[in-house]
Amino acid sequence: MRRTVFNEDHEAFRETIRAFIEAEVVPHYDEWFQQGIVPRELYTKLADLGLFGINVPEEFGGAGLETHKFEAIQYEETARAGVNFGGSGVHVLLALPYIKMLATDEQKKRYLPKFVAAEEMWALAMTEPGTGSDLAGMKTTAKLSDDGTHYVLNGSKTFITGGVHADRVIVCARTSVPTAEDRRFGISLFAVDTKSEGYSLGRKLDKLGLRTSDTAELAFSDVKVPVADLLGEENKGFYYLGQNLPSERWGIAYGAYAQARAAVRFAQQYVQERTVFGKTVASFQNTKFELAACQAEVDAAEAVADRALEALDAGELTAAEAASAKLFCTEVAHRVIDRCLQLHGGYGYMNEYPIARLYADNRVNRIYGGTNEVMKSIIAKSMGL
(Lines give C-alpha, C1' and ligand atoms only; values in the text may rest on other atoms or scores of the structure.)
Protein backbone atom coordinates (compact mmCIF):
# COMPACT_ATOMS: atom_id res chain seq x y z
CA MET A 1 0.00 0.00 0.00
CA ARG A 2 1.33 3.41 -0.97
CA ARG A 3 1.57 5.91 1.86
CA THR A 4 0.23 9.39 1.24
CA VAL A 5 1.13 11.07 4.50
CA PHE A 6 4.54 12.39 3.35
CA ASN A 7 5.47 14.56 0.35
CA GLU A 8 8.76 15.33 -1.41
CA ASP A 9 9.81 17.89 1.20
CA HIS A 10 9.34 15.33 3.94
CA GLU A 11 11.36 12.73 2.05
CA ALA A 12 14.18 15.23 1.48
CA PHE A 13 14.17 15.86 5.23
CA ARG A 14 14.31 12.09 5.78
CA GLU A 15 17.48 11.87 3.69
CA THR A 16 19.06 14.67 5.71
CA ILE A 17 18.18 13.04 9.03
CA ARG A 18 19.37 9.62 7.87
CA ALA A 19 22.73 11.05 6.77
CA PHE A 20 23.09 12.94 10.05
CA ILE A 21 22.40 9.80 12.09
CA GLU A 22 24.93 7.79 10.12
CA ALA A 23 27.63 10.43 10.45
CA GLU A 24 27.04 11.94 13.90
CA VAL A 25 25.19 9.38 16.00
CA VAL A 26 25.87 5.78 14.96
CA PRO A 27 29.69 5.97 15.33
CA HIS A 28 29.34 7.16 18.96
CA TYR A 29 26.17 5.45 20.08
CA ASP A 30 27.74 2.45 21.81
CA GLU A 31 29.76 4.82 23.99
CA TRP A 32 26.69 6.91 24.80
CA PHE A 33 24.78 3.73 25.61
CA GLN A 34 27.42 2.69 28.13
CA GLN A 35 27.45 6.17 29.67
CA GLY A 36 23.66 6.25 29.86
CA ILE A 37 23.33 9.70 28.34
CA VAL A 38 23.93 11.58 25.09
CA PRO A 39 26.37 14.53 25.16
CA ARG A 40 24.90 18.00 25.50
CA GLU A 41 26.55 19.03 22.23
CA LEU A 42 24.30 16.62 20.31
CA TYR A 43 21.43 19.01 20.99
CA THR A 44 23.39 21.90 19.53
CA LYS A 45 23.94 19.87 16.36
CA LEU A 46 20.23 19.03 16.19
CA ALA A 47 19.44 22.71 16.61
CA ASP A 48 21.85 23.56 13.78
CA LEU A 49 19.82 21.19 11.57
CA GLY A 50 16.74 23.20 12.45
CA LEU A 51 14.99 20.37 14.29
CA PHE A 52 13.97 22.46 17.29
CA GLY A 53 12.47 25.30 15.29
CA ILE A 54 10.19 23.54 12.84
CA ASN A 55 7.01 24.40 14.75
CA VAL A 56 8.27 27.68 16.23
CA PRO A 57 7.02 30.97 14.67
CA GLU A 58 9.46 32.68 12.34
CA GLU A 59 9.65 35.81 14.50
CA PHE A 60 11.38 33.72 17.17
CA GLY A 61 13.83 32.00 14.84
CA GLY A 62 11.77 29.02 13.74
CA ALA A 63 10.36 27.77 10.45
CA GLY A 64 6.79 28.69 11.33
CA LEU A 65 5.26 25.34 10.34
CA GLU A 66 2.33 23.65 12.06
CA THR A 67 2.90 19.96 11.53
CA HIS A 68 4.15 16.87 13.35
CA LYS A 69 5.21 15.07 10.18
CA PHE A 70 8.87 15.97 10.56
CA GLU A 71 8.79 14.56 14.08
CA ALA A 72 7.22 11.39 12.68
CA ILE A 73 10.13 10.99 10.28
CA GLN A 74 12.57 11.38 13.15
CA TYR A 75 10.80 8.55 14.98
CA GLU A 76 11.12 6.33 11.94
CA GLU A 77 14.75 7.13 11.20
CA THR A 78 16.09 6.85 14.75
CA ALA A 79 14.28 3.53 15.18
CA ARG A 80 15.61 2.33 11.83
CA ALA A 81 19.16 2.99 12.99
CA GLY A 82 18.59 1.60 16.49
CA VAL A 83 19.41 4.92 18.18
CA ASN A 84 17.66 7.86 19.82
CA PHE A 85 18.32 11.55 20.36
CA GLY A 86 18.19 11.48 24.14
CA GLY A 87 15.79 13.90 25.80
CA SER A 88 15.28 16.08 22.75
CA GLY A 89 11.86 14.53 22.10
CA VAL A 90 10.57 15.98 25.36
CA HIS A 91 12.01 19.37 24.39
CA VAL A 92 9.96 19.49 21.19
CA LEU A 93 6.93 17.22 21.62
CA LEU A 94 6.11 17.91 25.27
CA ALA A 95 7.50 21.29 26.29
CA LEU A 96 6.98 23.34 23.12
CA PRO A 97 3.17 22.98 22.96
CA TYR A 98 2.86 24.47 26.46
CA ILE A 99 5.07 27.43 25.54
CA LYS A 100 3.11 28.10 22.36
CA MET A 101 -0.26 27.68 24.04
CA LEU A 102 0.35 29.46 27.34
CA ALA A 103 3.31 31.84 27.12
CA THR A 104 2.73 35.58 26.86
CA ASP A 105 4.44 37.55 24.09
CA GLU A 106 7.06 38.65 26.61
CA GLN A 107 7.69 35.08 27.67
CA LYS A 108 7.94 33.84 24.09
CA LYS A 109 10.57 36.49 23.36
CA ARG A 110 12.58 35.25 26.33
CA TYR A 111 12.09 31.53 25.85
CA LEU A 112 11.76 30.63 22.18
CA PRO A 113 14.98 31.96 20.57
CA LYS A 114 17.02 30.04 23.16
CA PHE A 115 14.71 27.02 22.72
CA VAL A 116 15.33 26.93 18.96
CA ALA A 117 19.11 27.28 19.36
CA ALA A 118 19.33 24.63 22.14
CA GLU A 119 20.77 27.28 24.43
CA GLU A 120 18.01 26.25 26.82
CA MET A 121 16.82 22.66 26.81
CA TRP A 122 13.39 22.08 28.33
CA ALA A 123 11.78 19.22 30.23
CA LEU A 124 8.36 18.60 31.77
CA ALA A 125 7.96 17.60 35.45
CA MET A 126 4.59 16.12 36.36
CA THR A 127 5.12 12.77 38.07
CA GLU A 128 5.91 12.56 41.77
CA PRO A 129 7.08 9.67 43.95
CA GLY A 130 4.03 7.75 45.10
CA THR A 131 1.48 9.39 42.79
CA GLY A 132 2.25 7.94 39.36
CA SER A 133 -0.61 8.62 36.95
CA ASP A 134 -2.67 10.33 39.67
CA LEU A 135 -1.62 13.89 38.87
CA ALA A 136 -4.38 15.34 41.02
CA GLY A 137 -2.63 13.82 44.02
CA MET A 138 0.59 15.81 43.59
CA LYS A 139 2.15 17.31 46.73
CA THR A 140 4.60 19.83 45.25
CA THR A 141 3.48 23.35 46.22
CA ALA A 142 4.08 26.86 44.94
CA LYS A 143 3.04 29.63 47.33
CA LEU A 144 2.89 33.27 46.28
CA SER A 145 5.19 35.50 48.30
CA ASP A 146 3.80 38.25 50.49
CA ASP A 147 5.05 40.94 48.12
CA GLY A 148 3.57 39.13 45.08
CA THR A 149 6.84 39.06 43.12
CA HIS A 150 7.53 35.34 43.14
CA TYR A 151 6.30 31.88 44.12
CA VAL A 152 8.12 29.65 46.61
CA LEU A 153 8.37 26.13 45.19
CA ASN A 154 8.79 23.05 47.39
CA GLY A 155 8.52 19.37 46.60
CA SER A 156 9.97 16.70 44.35
CA LYS A 157 9.47 15.02 41.00
CA THR A 158 10.62 11.73 39.52
CA PHE A 159 10.89 9.98 36.13
CA ILE A 160 11.70 13.33 34.47
CA THR A 161 12.99 12.61 30.97
CA GLY A 162 15.60 15.12 29.86
CA GLY A 163 16.01 16.21 33.46
CA VAL A 164 19.81 15.94 33.57
CA HIS A 165 20.48 18.28 30.64
CA ALA A 166 17.47 20.55 31.24
CA ASP A 167 17.99 24.29 31.58
CA ARG A 168 14.30 24.98 32.16
CA VAL A 169 11.64 22.63 33.45
CA ILE A 170 7.89 23.10 33.25
CA VAL A 171 6.96 22.15 36.80
CA CYS A 172 3.41 21.29 37.86
CA ALA A 173 2.68 22.43 41.41
CA ARG A 174 -0.24 23.14 43.71
CA THR A 175 -1.05 26.82 44.14
CA SER A 176 -4.39 26.19 45.85
CA VAL A 177 -6.00 23.34 47.76
CA PRO A 178 -8.38 21.18 45.75
CA THR A 179 -12.11 21.61 46.24
CA ALA A 180 -14.51 18.95 47.42
CA GLU A 181 -16.11 18.97 43.97
CA ASP A 182 -12.88 18.92 41.98
CA ARG A 183 -9.63 17.50 43.35
CA ARG A 184 -7.88 18.52 40.12
CA PHE A 185 -8.38 22.22 40.86
CA GLY A 186 -5.43 24.27 42.13
CA ILE A 187 -2.54 23.06 39.93
CA SER A 188 -0.40 25.62 38.08
CA LEU A 189 2.51 25.42 35.63
CA PHE A 190 5.85 27.19 36.01
CA ALA A 191 8.85 27.54 33.68
CA VAL A 192 11.55 26.96 36.30
CA ASP A 193 15.18 27.94 35.69
CA THR A 194 17.33 24.98 36.79
CA LYS A 195 20.06 27.37 37.98
CA SER A 196 17.73 28.72 40.67
CA GLU A 197 18.88 28.48 44.26
CA GLY A 198 17.18 25.55 46.00
CA TYR A 199 16.69 23.60 42.76
CA SER A 200 18.58 20.32 42.90
CA LEU A 201 19.13 17.51 40.45
CA GLY A 202 18.88 14.13 42.10
CA ARG A 203 19.82 10.74 40.73
CA LYS A 204 20.07 10.00 37.05
CA LEU A 205 17.82 6.98 37.13
CA ASP A 206 19.13 3.60 35.98
CA LYS A 207 16.46 2.41 33.53
CA LEU A 208 15.80 -0.91 31.85
CA GLY A 209 15.66 0.75 28.43
CA LEU A 210 16.05 4.12 26.70
CA ARG A 211 19.40 4.28 28.42
CA THR A 212 20.71 7.24 26.44
CA SER A 213 17.62 9.29 27.28
CA ASP A 214 18.47 10.86 30.63
CA THR A 215 15.77 10.47 33.27
CA ALA A 216 16.16 12.12 36.65
CA GLU A 217 14.78 12.96 40.05
CA LEU A 218 14.28 16.64 40.87
CA ALA A 219 13.86 18.40 44.22
CA PHE A 220 12.80 21.94 45.11
CA SER A 221 13.61 23.58 48.42
CA ASP A 222 12.25 27.12 48.72
CA VAL A 223 12.95 27.81 45.04
CA LYS A 224 11.96 31.35 44.12
CA VAL A 225 10.10 31.36 40.81
CA PRO A 226 9.35 34.85 39.44
CA VAL A 227 5.67 35.49 38.70
CA ALA A 228 6.89 36.26 35.17
CA ASP A 229 7.56 32.51 34.79
CA LEU A 230 4.00 31.37 35.55
CA LEU A 231 2.64 29.69 32.41
CA GLY A 232 -1.01 30.45 31.75
CA GLU A 233 -3.46 31.18 34.53
CA GLU A 234 -3.09 30.10 38.12
CA ASN A 235 -4.94 26.91 39.15
CA LYS A 236 -5.75 25.82 35.57
CA GLY A 237 -2.77 23.51 35.14
CA PHE A 238 -4.72 20.27 35.08
CA TYR A 239 -6.86 21.59 32.24
CA TYR A 240 -3.73 22.61 30.31
CA LEU A 241 -2.18 19.19 30.82
CA GLY A 242 -5.29 17.56 29.40
CA GLN A 243 -5.11 19.74 26.30
CA ASN A 244 -1.68 18.38 25.34
CA LEU A 245 -2.09 14.72 26.27
CA PRO A 246 -3.40 13.68 22.82
CA SER A 247 -0.23 14.91 21.09
CA GLU A 248 1.95 13.20 23.71
CA ARG A 249 0.10 9.93 23.24
CA TRP A 250 0.30 10.24 19.47
CA GLY A 251 4.08 10.55 19.85
CA ILE A 252 4.24 7.36 21.89
CA ALA A 253 2.03 5.55 19.39
CA TYR A 254 4.09 6.68 16.43
CA GLY A 255 7.36 5.87 18.14
CA ALA A 256 6.09 2.37 18.96
CA TYR A 257 4.99 1.75 15.38
CA ALA A 258 8.43 2.92 14.16
CA GLN A 259 10.12 0.52 16.58
CA ALA A 260 8.01 -2.39 15.35
CA ARG A 261 8.86 -1.54 11.77
CA ALA A 262 12.56 -1.40 12.63
CA ALA A 263 12.36 -4.74 14.45
CA VAL A 264 11.11 -6.47 11.31
CA ARG A 265 13.96 -4.90 9.35
CA PHE A 266 16.54 -6.09 11.90
CA ALA A 267 15.10 -9.60 11.98
CA GLN A 268 14.86 -9.87 8.21
CA GLN A 269 18.51 -8.92 7.83
CA TYR A 270 19.61 -11.31 10.55
CA VAL A 271 17.76 -14.42 9.34
CA GLN A 272 19.10 -13.94 5.82
CA GLU A 273 22.68 -13.95 7.11
CA ARG A 274 22.50 -16.50 9.95
CA THR A 275 22.82 -20.20 9.10
CA VAL A 276 21.77 -23.24 11.15
CA PHE A 277 21.87 -26.89 10.10
CA GLY A 278 23.53 -25.76 6.86
CA LYS A 279 20.66 -23.46 5.86
CA THR A 280 19.83 -19.82 6.40
CA VAL A 281 17.30 -19.17 9.13
CA ALA A 282 15.26 -17.31 6.50
CA SER A 283 14.77 -20.53 4.53
CA PHE A 284 12.64 -22.17 7.24
CA GLN A 285 8.88 -21.96 6.85
CA ASN A 286 8.41 -20.89 10.47
CA THR A 287 10.69 -17.90 9.93
CA LYS A 288 8.78 -16.84 6.84
CA PHE A 289 5.43 -17.17 8.57
CA GLU A 290 6.58 -15.31 11.68
CA LEU A 291 7.97 -12.38 9.70
CA ALA A 292 4.93 -12.30 7.44
CA ALA A 293 2.65 -12.08 10.46
CA CYS A 294 4.82 -9.35 11.96
CA GLN A 295 4.76 -7.39 8.72
CA ALA A 296 0.97 -7.56 8.60
CA GLU A 297 0.79 -6.15 12.12
CA VAL A 298 3.24 -3.38 11.24
CA ASP A 299 1.13 -2.47 8.19
CA ALA A 300 -1.92 -2.12 10.41
CA ALA A 301 -0.02 -0.04 13.00
CA GLU A 302 1.31 2.21 10.24
CA ALA A 303 -2.22 2.92 9.06
CA VAL A 304 -3.37 3.75 12.59
CA ALA A 305 -0.31 5.92 13.30
CA ASP A 306 -0.64 7.80 10.01
CA ARG A 307 -4.34 8.41 10.53
CA ALA A 308 -3.66 9.80 14.00
CA LEU A 309 -0.90 12.00 12.56
CA GLU A 310 -3.23 13.49 9.98
CA ALA A 311 -5.88 14.12 12.64
CA LEU A 312 -3.32 15.74 14.94
CA ASP A 313 -2.09 18.07 12.21
CA ALA A 314 -5.69 19.01 11.44
CA GLY A 315 -6.35 19.77 15.11
CA GLU A 316 -8.96 17.02 15.24
CA LEU A 317 -7.29 14.24 17.26
CA THR A 318 -9.57 13.51 20.22
CA ALA A 319 -8.48 12.12 23.58
CA ALA A 320 -10.18 8.80 22.83
CA GLU A 321 -8.62 8.52 19.36
CA ALA A 322 -5.16 9.26 20.78
CA ALA A 323 -5.71 6.66 23.50
CA SER A 324 -6.81 4.12 20.90
CA ALA A 325 -3.75 4.78 18.74
CA LYS A 326 -1.42 4.48 21.72
CA LEU A 327 -3.07 1.28 22.92
CA PHE A 328 -3.03 -0.39 19.50
CA CYS A 329 0.44 0.64 18.33
CA THR A 330 2.19 -0.12 21.60
CA GLU A 331 0.57 -3.54 21.89
CA VAL A 332 1.53 -4.32 18.27
CA ALA A 333 5.11 -3.22 18.95
CA HIS A 334 5.24 -5.42 22.05
CA ARG A 335 4.22 -8.51 20.09
CA VAL A 336 6.30 -7.82 16.99
CA ILE A 337 9.53 -6.95 18.76
CA ASP A 338 9.26 -10.01 20.98
CA ARG A 339 8.79 -12.29 17.97
CA CYS A 340 11.63 -10.65 16.08
CA LEU A 341 13.96 -11.08 19.05
CA GLN A 342 13.01 -14.77 19.16
CA LEU A 343 14.15 -15.14 15.55
CA HIS A 344 17.59 -13.89 16.60
CA GLY A 345 17.95 -16.78 19.04
CA GLY A 346 20.52 -16.23 21.81
CA TYR A 347 22.05 -13.27 20.01
CA GLY A 348 18.78 -11.41 20.38
CA TYR A 349 19.48 -11.23 24.11
CA MET A 350 22.83 -9.49 23.61
CA ASN A 351 22.94 -5.70 23.85
CA GLU A 352 25.36 -5.52 20.94
CA TYR A 353 22.40 -6.35 18.70
CA PRO A 354 19.89 -3.54 18.14
CA ILE A 355 16.93 -5.87 18.62
CA ALA A 356 17.90 -6.38 22.29
CA ARG A 357 18.05 -2.65 22.95
CA LEU A 358 14.81 -2.17 21.07
CA TYR A 359 13.14 -4.82 23.23
CA ALA A 360 14.11 -2.92 26.40
CA ASP A 361 13.33 0.51 24.94
CA ASN A 362 9.88 -0.52 23.82
CA ARG A 363 8.65 -1.79 27.18
CA VAL A 364 7.98 1.65 28.66
CA ASN A 365 5.58 2.57 25.84
CA ARG A 366 2.76 0.72 27.57
CA ILE A 367 3.46 2.60 30.82
CA TYR A 368 4.27 6.26 30.26
CA GLY A 369 1.93 8.87 28.88
CA GLY A 370 -0.76 7.04 30.84
CA THR A 371 -0.69 3.25 31.19
CA ASN A 372 -2.49 1.15 28.61
CA GLU A 373 -5.03 0.28 31.29
CA VAL A 374 -5.81 4.00 31.53
CA MET A 375 -6.09 4.12 27.72
CA LYS A 376 -8.72 1.37 27.86
CA SER A 377 -10.68 3.37 30.43
CA ILE A 378 -10.62 6.46 28.20
CA ILE A 379 -11.78 4.49 25.19
CA ALA A 380 -14.53 2.75 27.17
CA LYS A 381 -15.77 6.09 28.49
CA SER A 382 -15.97 7.44 24.93
CA MET A 383 -18.13 4.41 24.10
CA GLY A 384 -20.57 5.33 26.84
CA LEU A 385 -19.46 2.40 29.03
Subject >> Note: E106-R110 ion pair, threshold 4.0 Å (strictly below) >> reply: yes
Subject >> V364 reachable from V164 in the ILVMFWY side-chain graph, under 4.5 Å edges >> reply: no
Original post:
Under 6.0 Å between the ring centres of Y98 and W122?
Top reply: no
Subject >> Ion pair check, R357 and D30, cut-off under 4.0 Å >> reply: yes
Original post:
Charged N to carboxylate O below 4.0 Å: is that the case for K224 and E197?
Top reply: no
**OP:** Determine the interplanar angle of the Y29 and W32 rings, folded into 0 to 90°, and report it as parallel if under 30°, tilted if 30 to 60°, perpendicular if over 60°.
**Re:** perpendicular
**OP:** Considering only NZ, NE, NH1 and NH2 on the basic side and carboxylate oxygens on the acidic side, decide whether R307 and E310 come within less than 4.0 Å.
**Re:** no
Original post:
Would K114 and D167 pass as an ion pair if we require N to O under 4.0 Å?
Top reply: no
Subject >> Cation-pi geometry met for R14 and F6 (6.0 Å, 45°) >> reply: yes
Original post:
Should the pair D361-R211 be classified as a salt bridge under the 4.0 Å nitrogen-to-oxygen rule?
Top reply: no
**OP:** Please collect all ring pair (Phe, Tyr, Trp, His ring centres under 6.0 Å) contacts where either partner lies in residues 313-350, sequence neighbours excluded, each pair once.
**Re:** Y270-H344, Y347-Y353
**OP:** Run the salt-bridge test on R261 and E76 with the 4.0 Å N-O cut-off and return the result as yes or no.
**Re:** yes
Original post:
With a cut-off of under 6.0 Å to the ring centre and 45° to the axis, is K279 in cation-pi contact with F284?
Top reply: yes
Can you list, pair by pair, the side-chain donor-acceptor contacts under 3.5 Å of residues 169-176, counting residues two or more places apart and other chains?
unit_1, atom_1, unit_2, atom_2, d
R174, NH1, S176, O, 3.3
R174, NH1, F185, O, 2.7
R174, NH2, A136, O, 2.9
R174, NH2, R183, O, 2.7
T175, OG1, G186, O, 3.3
T175, OG1, S188, OG, 2.6
T175, OG1, N235, OD1, 2.6
S176, OG, N235, OD1, 3.0
S176, OG, N235, ND2, 3.3

Original post:
Are N154 and T141 close enough that a side-chain donor and a side-chain acceptor fall under 3.5 Å?
Top reply: no
